[in-house]
Structures are given as structure tokens and as C-alpha cells.
Undergrad: 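Sharing a structure, written as C-alpha cells. Questions coming.
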Amino acid sequence: QVQLVESGGGSVQAGGSLRLSCTQSALAYSNNCVGWFRQAPGKEREGVASLYPIDSSTWYSEAVKGRFTISRDNAKNTVYLQMSSLKPEDTAMYYCAARKYGDMFCQLLTDYYDVWGQGTQVTVSS
């Protein structure tokens with residue numbers, strides 16, 4: 001069973017930056033879509049960014065486009081989410097997720113992914 005472990009969350013002031021990491025315990029899904037999601041209190045979980053490892057194609061939600069960057073280090077089997085120009089509305093628990101089956105278009109939908117990490121908290125103060 002593949003496990004995902006997130007790290008890198010914390011508290012930052014508006015305008016600051018953070019980099020989240022998500023390490024996969026095994027290579028089983030390493031060529032499949034991976035995504036970052038977030039969930040604020042009282043709100044539904046929403047997709048933030050996704051990546052197709054084979055050709056490094058990326059997708060972003062409109063809320064973070066131009067501020068967040070998803071990337072992958074294949075040697076470390078780790079996916080990153082670089083977050084810049086952070087806003088208070090970015091405050092949420094952030095989760096990474098992996099898809100069990102291969103697909104070229106990595107949708108930002110929770111039902112699309114099969115394996116989830118435990119989450120890491122990001123808090124942005126004004």
C-alpha cells in the first residue's frame with residue numbers, strides 16, 4: 001500500500017512563501033497523476049494543483065494560478081508545492097493525493113484520486 005507523507009506547513013504572514021513536500025513510500029504510482037488539495041474549516045476540499053509525471057504537465061485552480069507551482073523530484077519520489085504571495089484565504093489543511101491508475105489529464109477532483117496523505121496545516125495571517 002502506497003503511503004503519502006506531507007510536510008512543510010506552518011504559519012506565515014500574507015505575502016510570504018512556503019514549500020510543501022509530499023513523499024511517496026513506494027514507486028507503484030510514481031508515473032501517475034499527483035495532486036495537491038486543500039480544505040478550510042467549514043468548506044469542501046478543493047483541488048489546487050496537479051501534475052502528470054511523464055511529461056510534467058501541470059494544472060492549477062484559478063485561485064492559485066501564478067502564485068503556486070507544483071513540481072516533482074523523481075530521484076526523491078517527492079512532489080512539491082511552492083506557494084508564494086500567500087493570502088489569508090489560502091489558510092487550510094493541505095493534502096497531497098495520488099491516482100492509482102494511469103491517465104494523461106490530471107483532474108482537480110477529489111474523486112479522481114485513490115491515495116491521500118494525512119495533511120499539513122498552512123495558516124496565513126494578515
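Atoms considered below: every heavy atom in the structure, side chains included; atoms not considered: hydrogens, waters and symmetry mates. Keep in mind it's a predicted model, so treat the numbers as computed, not measured. Numbering of residues begins at 1 and proceeds along the displayed sequence.
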Undergrad: Could you tell me which non-hydrogen atom of Thr23 sits nearest to which non-hydrogen atom of Lys76, and how far apart they are?
TA: CG2-O, 4.2 Å
Undergrad: Can a donor-acceptor pair be found, under 3.5 Å and without considering hydrogens, that links the side chain of Asn77 to the backbone of Asn74?
TA: no
Undergrad: Looking only at atom types and distance, does a side-chain atom of Glu6 sit under 3.5 Å from a main-chain N or O of Gln118, one as donor and one as acceptor?
TA: yes
Undergrad: Which heavy atom of Thr91 sits nearest a heavy atom of Ala40, and at what distance?
TA: O-CB, 3.8 Å
Undergrad: Indicate whether the side chain of Gln24 and that of Arg72 have a donor and an acceptor atom separated by less than 3.5 Å.
TA: yes
Undergrad: Are Leu4 and Val48 co-members of a hydrophobic cluster defined by side-chain heavy atoms under 4.5 Å apart?
TA: no
Undergrad: CG/Asn32 to CE/Met104 distance, rounded to the nearest 0.5 angstrom?
TA: 12.5 Å
Undergrad: Decide yes or no on side-chain hydrogen bond (donor to acceptor under 3.5 Å, both in side chains) for Tyr80 and Arg19, but give the supporting numbers first.
TA: CA-CA 7 Å; Tyr80 302 100; Arg19 188 179 78 160; 4.5 Å; no
Undergrad: At their closest point, which heavy atom of Gln1 faces which heavy atom of Val115, and how far apart are they?
TA: NE2-CG2, 4.3 Å
Undergrad: Side-chain heavy atoms nearer than 4.5 Å, only ILVMFWY residues, links allowed to pass through others: does that put Leu86 and Tyr60 together?
TA: yes
Undergrad: Without hydrogens or angle criteria, can the side chains of Thr78 and Ser21 be said to hold a donor-acceptor pair below 3.5 Å?
TA: no
Undergrad: Could you grab the distance from atom CG of Leu109 to atom CZ of Arg45, nearest 0.5 Å is fine?
TA: 13.5 Å
Undergrad: Report yes or no: do Tyr29 and Leu51 belong to one cluster of Ile/Leu/Val/Met/Phe/Trp/Tyr joined by side chain heavy-atom distances under 4.5 Å?
TA: no
Undergrad: With the side chain counted from C-beta on, respond yes when Thr120 and Leu20 share a heavy-atom pair under 4.5 Å apart, and no when they do not.
TA: yes
Undergrad: Are Tyr95 and Trp36 co-members of a hydrophobic cluster defined by side-chain heavy atoms under 4.5 Å apart?
TA: no
Undergrad: Tell me, with the steps shown, if Arg67 and Asp90 meet side chain to side chain contact (heavy atoms under 4.5 Å, CB included).
TA: CA-CA 11 Å; Arg67 299 187 299 121; Asp90 294 318; 2.8 Å; yes
Undergrad: On a heavy-atom basis, which atom in Ala14 and which in Ser126 lie closest, and how many Å separate them?
TA: CB-CA, 4.3 Å
Undergrad: Check the hydrophobic clustering (I, L, V, M, F, W, Y; side-chain heavy atoms under 4.5 Å; chains of links allowed) and say if Leu81 and Val124 are grouped together.
TA: yes
Undergrad: Which atom names give the shortest non-hydrogen contact between Tyr52 and Asn31, and what distance separates them?
TA: CE1-O, 3.9 Å
Undergrad: Quick one: OH on Tyr94 to CE on Met83, what's the gap to the nearest 0.5 Å?
TA: 5.5 Å
Undergrad: Indicate the atoms forming the closest heavy-atom contact of Ser85 with Ser17, along with that distance.
TA: N-OG, 4.4 Å
Undergrad: Using ring pair (Phe, Tyr, Trp, His ring centres under 6.0 Å) as the criterion, list what pairs up with Trp116, not counting sequence neighbours.
TA: Phe37
Undergrad: Applying disulfide bond (SG atoms under 2.5 Å apart), which residue pairs with at least one partner in residues 25-74 are found, sequence neighbours left out?
TA: Cys33-Cys106
Undergrad: Have Arg99 and Tyr113 got a donor and an acceptor in their side chains that come within less than 3.5 Å?
TA: no
Undergrad: Going by heavy atoms in the side chains, are Met93 and Arg38 under 4.5 Å from each other?
TA: no
Undergrad: More than 12 heavy atoms of other residues, nucleotides or ligands under 6.0 Å from CD of Gln3: yes or no?
TA: no
Undergrad: Run the numbers on Leu18 and Val122 for side chain to side chain contact (heavy atoms under 4.5 Å, CB included), then give the verdict.
TA: CA-CA 9 Å; Leu18 280 175; Val122 171; 3.9 Å; yes
Undergrad: Applying side chain to side chain contact (heavy atoms under 4.5 Å, CB included) to Gln107 and Trp59, what does each step give before you reach the verdict?
TA: CA-CA 8 Å; Gln107 302 183 53; Trp59 293 263; over 6 Å; no
Undergrad: Within the 3.5 Å criterion, strictly below it, is a donor on Tyr112 or Asp103 matched to an acceptor on the partner's side chain?
TA: yes
